[in-house]
Amino acid sequence: MTDVTHSIEEEDFGPSPREILKKSILAHRSLLLGFGAIVIIVLAALLAPVLAPHDPYLQDLSIRFTPPVWQDGGSWEHILGTDHLGRDYLSRLLYGARISLTIGIGAVLISGTIGTTLGVCAGYFGGRVDMVVNYLITVRLSMPVVLVALAIVAIFGGSLNIVIMVLGFLLWDRFAVVMRSSTMQVRNMDYVQSAQAVGCSTLRIVLTEIMPNIMNNLIVVATLEMAHAILLEAGLSFLGLGVQPPLPSWGLMVAEGKEMLFFEPWLIMIPGAALFILILSINLMGDGVRDVTAPAGKN
Amino acid sequence: LATSGVPALAGKSDDTLTVAFAKQLENLDAYSATAREMIVIARHVWDGLLYRDPATGEYLGNLAESFEWVDATTIDFVLREGVTFHNGEAFDADDAVYTLNWVSKPENGVSNQGNVNWIASAEKTGPYSLRLHLKEPFPAALEYLSGPVVMYPNEYHAEVGTAGMGSNPVGTGPYKVTSVEAGKRYVFEKNDGYFAGPKGTAEIGKIVWRTIPERNTQFAELLSGGVDWVWQVPPDQAEKLGKKFSVSNESTMRIGYVSFDSAGRTGETPMSDIRVRKAIAHAINREAIVNALLKGASKVVHSACFPSQFGCFQDVAKYDYDPARAKELLAEAGYPDGFTVPFFAYRDRGYAEAIIGDLAAVGISVDFGYLKYAALRDKVQGGEVPFQFMTWGSNSVNDVSAITSHFFSHGKDDYALDADVKTWLTTADTSIDPAVRKENYAKALSKIADEVYWLPLFSYNVNYVYSDELEFTPYPDEVPRFFQARWK
Amino acid sequence: MTNIVEVENLRVKIPVSAGMLNPVRGLTFEIKKGETLCVVGESGSGKSLSAFSLMKLLPKIADISADKMQFMGRDILKMSPSELQNMRGNRMAMIFQEPMTALNPSYTIGNQLVEVLRRHQNVSVKEATERAIYLLEKVGITAAASRLSQYPHQLSGGLRQRVVIAMALMCGPDLIIADEPTTALDVTIQAQILHLLKELQEEFEMAILLITHDLGVVARMADRVAVMYAGEFVETGTAEQVFKQPVHPYTQGLLSCIPVPGKTARGSRLGSIPGIVPSLIGDMRGCAFRSRCPHANGACHNNVPLEKWSDDHFKRCVLDDTALTSIAKEAIA
Amino acid sequence: MLIYSLKRLLLAILVAITVSFISFSLLFLAGDPAIAMAGEGATDQDIENIRQLYGFDKPVLVQYFDWLLRAIGGNLGESFYFKTPVVHLIAEHMPVTMTLGAMGITFALSLAVPLGVLAAIRPNSIIDRIALLISVSGQALPSFWFALVLVVIFTVTLGWLPASGSDTWLHFLMPTVVLSYYAAPAFMRLTRAGMLDVLGSDYIRTARAKGLTTKSVFLKHALRNAIIPVVSLAAVQFGFMLGGSVIVESIFALNGAGSLAWESIGRNDFPTVQGLILVFALIYIVLTFLADVLNAWLDPKIRIG
Amino acid sequence: MTHSDTPVLELNGIKKTFMISQGLMKGTKPLYALNDISVQLNKGEVLGIVGESGCGKSTLAKILLGLMEPTSGEVLIDGQSLKGHKQLDISRRVQPIFQDPYSSLNPRKRIGDIISLPLRVHGIGDPAEHERKVIEILDLVGLPKRVLNNYPNQMSGGQRQRVAIARALIMKPEIVICDEPTSALDVSVQSQILNLLMDLKDELQLTYLFISHDLSVVEHLADRVIVMYLGRICEQAPPDRIFDEPRHPYTEALLGSVLTPEPGQGVPDTNLGASYPNPINPPSGCRFHPRCAKAMDICKSNAPMLQQINRSKVECHLYE
Ligand SMILES: Nc1ncnc2c1ncn2[C@@H]1O[C@H](COP(=O)(O)OP(=O)(O)OP(=O)(O)O)[C@@H](O)[C@H]1O
Ligand SMILES: Nc1ncnc2c1ncn2[C@@H]1O[C@H](COP(=O)(O)OP(=O)(O)OP(=O)(O)O)[C@@H](O)[C@H]1O
Ligand SMILES: [Mg+2]
Ligand SMILES: [Mg+2]
């Protein structure tokens, strides 16, 4: 039996939000797992020039379709084998991580900026602004994303920049919806009124009172949308309208490997699994952040 | 791999040949659809006045018993008697004259005008004879008359029009159409009353034609017995499938080429410098690409046409794979460190990538654009493409006019705009003297090669993969003839 | 009079991330037929949890234990889930704090009223509806019949609380547990609802366990009072005893905190209890109030039992009678 | 309720008009429609004729209103490729896509809702963990990849299911699974979260205090309220499924509107693409409208009020 | 009483109408949250406002704080109209304390930053001075210096309310609007906060507008009490008057509803009907008449006029 006298006698302030956060992050296994996997993937992407055993663009038609090392005919020279032009698959996978991450991050930066701006404005000002934003969201949602993305990429061609822009301009809806409702919630808090009563400008209120309190939701949506963007790009690439070769996007690698689906299944399995792991980790992280930052006291 | 219990098991046992094609057809009207698939169907459902024996290249009478050039712009035909259309309508001069006159009028909207725009008119000279007038001398007329120009039943066509033909086609051919599910499935049944013409008589009772756009799905169906015959199988897959199925490989008239904006239509680009073009010609390892990627019957091509085509002069300048020379040429042209240029393609991304890889090796980097054919064609014809990897199948017409003349007579696809070449080609195209034609084509082709307006790369081949129970012979014109196929 | 409820040494434990929470730490009480027991205490003192324990309505993770916990002679802890379900809403009913959220927004008032009776008694819809109308009129709702087809959101808070009360009465229960039934209501409506509860109690001879933090409500409603602090009763007795002669320093402190119109001098300083409620995580020893008690001494570190002070009047304090008497006198003065 | 519906209708119409404008502009983004229509080998005169015939020489806004008027009259123009009215094409191809979408949504719901409910009833139990696993990994699977893997397993290796076509319900099985697995996690999470939320609410406590059976508490009192957001999501997801059927249809050779769209993009057949985008959007708009009205009907606060 | 009688804050005929959307076709309907309110707040006084939920107390507070524009009427500070004044100017003189200590502090900010925010917004002093002032004010509200780096979630409700008070007072405003500052707190904490507010008032010569629904609290603190009902003032009087001699039947009912901790007195019957009126469709005539035990015929049709009786002002037909 512990005598908890001190906690009765002395006024003891509980742990700060940061400590609580730290603790719950460390206790959240899937968050750590997802985060760990992402760190590894990001490192792999950043260090691709160092890590890649070969030039990802160097073709050697004489060694096409070398299987990965664990299959008959594989060699340590090309651990994950070579593709249809005899390029080293591992090197392409590493460089591909860069492309997929660039697309995810780029698209989320654009869509996050658009969606957050719209959502926060709608939630903060309400009334007409809210109506307009709501209407924009509905318009956006009623456009079939895949189709519109395909059509636009077909018209403008599928460079990396265009793909990022198209996805960025198409995927802002969830940001807007979530930011709108979180802003609305926070906006009604008395501390916002206190800040108004103190004479804070609207911009200051939004930046210092509202944003910090909806940041967690923003991060959650950003991670989930990043996964969404990467998946969509992979889908576009699969249909041949995403990033263009010789850039090794993972979706493109699946598309190229698809040709040999029945004969060299590892060609799609490897980039497909990489994509799966990346998306899974991002989702795990997003869900984890949501769990960890969810307001306590429920349950 | 196990066979499946999937319904509609095709094959010898029920005398049904199920074939899969990737392309969705607009309709089944031979004159409004443009796809190769339609050409294939047209051969089965209809007949032309003539038929070119694929083995000998000789033009034989088909619906016509015989023909005779009256002069350079007039041909007389004597028609075969006793032929009936699938709907029972008898074939005679009225049908032929009606068809020829109808297709010759641009307002009737034949979608591939190149197939018919040489026809001036036709007139009936007897119940089974007619006279055809050409607008100008056009030696390839026989080729067209034995290919795309097929005979429609006049009464039926007048009644149902293009739309009716498209949904419910009626011809004289070895197979009649018995079921149409647009864009999905067509069923053809053997025409038991087919006349004994040069095409021979069909043996297989029923052909089910399925549209399966996705190649892997085609393989899945093939492997699970859902289809018996697929084609255009890439060499790697064909090799693998060869273990279980019959594979035939046949060269096609399609050639792949790289074209340059030598005329500067897109503005100032390195491509207008012949040294750059030559450098590229030396940089691309065509031999290796053919051996590793295309395989089969494909050959490296040096002249801007398919070797079997009439007038395809072969003794032109050749550019060997020589990256060192390529670098020298680039340096001479003022690009010792290479340059970056937009590069487009619409099919065979793997080949394009291989080309890109070769170019990268000599310092040329590209902004690659991989577009759908229609989109790229619009861009090309709009004069926006300085450098591209394209292919051309000559519509299976075995004549240089179907390829070289198309690209070098100052049309929308011409990025060379060479006046000499145009003059020679026009002369050759309009002469009926084979010697004159050959001579002028040779001049044109030589200059094209010397100036490297085009870099012809290789000829394509087609792999046909089909059930071991099937006996099937492919031809280089890329028109599978199921009416000649039989079960083993 | 018979005891409807008898509870001895009721304890609730809830595992939380920081350790084991002990929000209810050994309660002993009984409720007689027709009697009102008021439990009063500050927020977080464990009032609601004790009430829910009686109904066994706590989340699964909460561990309830007691030496004895009987309702109408039957051991609640030993009841099977279906026996519990048969008891709830039938013999023992509950009124909650938030009238705004206590009713299901998707069903009509009538549906929710009829449902209780039909669940527990084999009656037709018509009979149940008649009972519902009768009770709605009883709780002061006019045009009761037409209200049956209304949805909760169409009623004001006061009306909804009346509906909740009617719902509790549907089966004519022996005990009503009311957890802060008026806290969310306006003062005038609070008075009306409490008045109503009193009337109904007399008419139906129910026992009421009333939970509140409002000393005014307790004083007016209770037959007997239990003052709760940090999961324990610190003082129990009749309303007279507790309010007129509060003995525990905590009870005294509470009473000095509220201004009483006419008694407290206007603008004068109010009494107060410094400090905050201790954490209930982990095992505790000693008087939980000692950190805030002006009279605490070393003995407070030992466990303190609930001791009899006068008839029916119990206190949990180490101070001896004389000391307490003098403090009590001081407090009243 | 009526007023609510009317208000929603107004929004729906406004959105429909905007979407129509956007899909109309697509034709212009795609390049000069007259050139595209004229096709290969057309002379400049031909193009000019077409331009006048179709009014492509008028100001864009005028053209838009002409087009809109015709669209309202059911005329979405003519396909460049098929040379037939786009409306006919869509009518021909839509049933397959609709069937696929309906099967997909049904499958997703019938898998996800019970799983979500079970997971919410026993949070952190094995079922909950399995459900979570399914939902997290489901959302991470690239659909084209998943489709190909299914084909390898069920058609090629096991030979159980046909890989292509739309003749029997068996043909729809794999496409349905592929199409629905991406939506299912969302339904499951929403059901679970909604149930958890509702189960923690005061009125559920009331229901339990009334002595209602567990079944009645979960099914009558909790699910009814938890399902409301799922209904909205179902409509949204159905719209997404139709729009997202492009990949599935192309892999499984289902000749539906999705593959028509995809092929039309490849053929630069922009009137068809335009029409399809518009129709998909309209379907979505109608569905969300219906879902909102259904929601309003489920939620008395809106229905009566 | 220590206060002088010059009004520092004056409300003249304030009306506030919210347009409540009734759906598309019906359009919007007015909700008269405040209907012709005129009040004077004198320097150094505590003006108490009581009334049921929804009677417009918070709306009044927001108008006084400049957070909301009145539909008509004017707010005067020291005789000067509030209109055209910048929020910054108003905030130097009027500061709020809100009801809910949990939502009135930004959970993502440290206590020090929360309290010093007004100084930073107004650009007063440098960080060092901020810290000095914050520590000074913390001491004043009875919090230890070490809470500076804490976050709101680490503090109890009472402590949070002290922080809110500190924030309101750091700019040394003249007027503090307390909108139910203790209704979310336990009684033991409530009394601490009330004591603190009283002490601060004397120390800093503050003027309070004290809003509450608890008549006994208002009665204890206020120098003058205003009783509101559905957007109108129905009685205005010094606390002793209200308590000893309530004039308006509503005041009477309110008084009857105050449950003092005196056992044995039972719960009085307030004789108010069960229905609370809908503010969108307020009753005609006297707004209180449907619940009034003393209602007469005239109450149904005619709104009563303001009457001055001794030190009370009443709006009731009984006194006409
Ligand atoms: N399910 C739960 N899990 C963890 N802690 C809980 C749970 N329910 C209650 N508690 C904690 O138990 C303690 C007692 O709670 P209880 O609800 O009984 O207090 P109360 O006296 O009713 O307070 P209030 O007046 O605020 O209703 C509180 O500290 C509360 O936070
Ligand atoms: N922003 C708003 N929009 C519409 N109506 C409002 C708004 N703010 C307040 N109201 C309405 O005005 C009336 C007065 O509200 P107010 O918040 O001033 O009441 P209150 O007396 O402070 O009540 P409480 O004691 O519940 O805080 C209420 O009927 C309320 O519904
Ligand atoms: Mg409680
Ligand atoms: Mg208020």
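Predicted model only: the values in this text are computed from it and were never measured. Convention: sequence-line order gives letters A, B, ...; per-chain numbering from 1.
- Annotation: maximal heavy-atom pairing with chain A below 4.5 Å, among D:Leu148, D:Ile285, D:Val246, occurs at D:Leu148.
- Chain D forms more heavy-atom pairs under 4.5 Å with one residue of A:Val146, A:Leu239, A:Asn283, A:Leu231 than with any other, namely A:Leu239.
- Chain A forms more heavy-atom pairs under 4.5 Å with one residue of D:Ala12, D:Ser137, D:Ser23 than with any other, namely D:Ser137.
- When each of A:Leu232, A:Val254, A:Leu150, A:Leu284 is checked for heavy-atom pairs under 4.5 Å with chain D, A:Leu150 comes out on top.
- The part of D:Ser250 that comes within reach of chain A is its side chain, from C-beta onward, which places non-hydrogen atoms under 4.5 angstrom from that chain.
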Quiz: residues 158-166 of chain A side-chain donor-acceptor pairs under 3.5 angstrom, not counting sequence neighbours:
residue	atom	partner	partner atom	Å
A:Ser159	OG	A:Ile162	N	3.3

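- Counting heavy atoms of neighbouring residues, nucleotides and ligands inside a 6.0 Å radius, atom CZ of A:Phe65 exceeds 12 of them.
- With a 4.5 angstrom heavy-atom cutoff, D:Val236 does not touch chain A via any of its atoms.
- Proximity to chain A is limited to the side chain of D:Ile22, based on heavy atoms less than 4.5 angstrom apart.
- Using a 4.5 Å heavy-atom cutoff, the side chains of D:Leu11 and D:Phe289 are not in contact.
- With a 4.5 Å cut-off on non-hydrogen atoms, A:Phe262 touches chain D through its side chain but not through its backbone.
- Using a 4.5 Å cut-off between heavy atoms, D:Val136 touches chain A through backbone and side chain atoms alike.
- In this structure, D:Ser143 contributes its side chain and D:Val178 its backbone to no donor-acceptor pair below 3.5 Å.
- Both the backbone and the side chain of D:Leu141 come within contact range of chain A, with heavy atoms under 4.5 Å apart.
- Contact of the A:Trp250 side chain with the A:Ile230 side chain is not registered, since no non-hydrogen atoms from C-beta on lie closer than 4.5 Å.
- Under the 30°/60° scheme for interplanar angles, the aromatic rings of A:Phe238 and D:Phe144 are found to lie parallel.
- Residue A:Ala227: no heavy atom, backbone or side chain, is found under 4.5 Å from chain D.
- Nearest heavy atom pair, residue D:Leu100 against residue D:Ser245, reads CD2-CB, 4.4 Å.
- A distance of 13.0 Å separates CG of A:Leu267 from NZ of A:Lys258, quoted to the nearest 0.5 Å.
- With hydrogens and angles left out, the side-chain atoms of A:Ser237 and A:Glu233 include a donor and acceptor closer than 3.5 Å.
- Close approach to chain D, defined as a heavy atom under 4.5 Å from one of its heavy atoms, is seen in A:Tyr135, A:Thr138 of residues 128-138 of chain A, taken by number.
- A:Phe175 has its side chain within reach of A:Val108: a pair of non-hydrogen atoms, C-beta onward, lies under 4.5 Å apart.
- D:Asn124 approaches D:Asp128 most closely through the heavy-atom pair N-OD2, 2.7 Å.
- A:Val145 does not touch chain D: none of its heavy atoms, backbone or side chain, sits under 4.5 Å away.
- Of the residues considered (A:Gly251, A:Gly257, A:Gly272), A:Gly272 shows the highest number of contacts with chain D, using heavy-atom pairs under 4.5 Å.
- Using modelled atom types, one side-chain atom of D:Ser259 and one backbone atom of D:Gly256 make a donor-acceptor pair closer than 3.5 Å.
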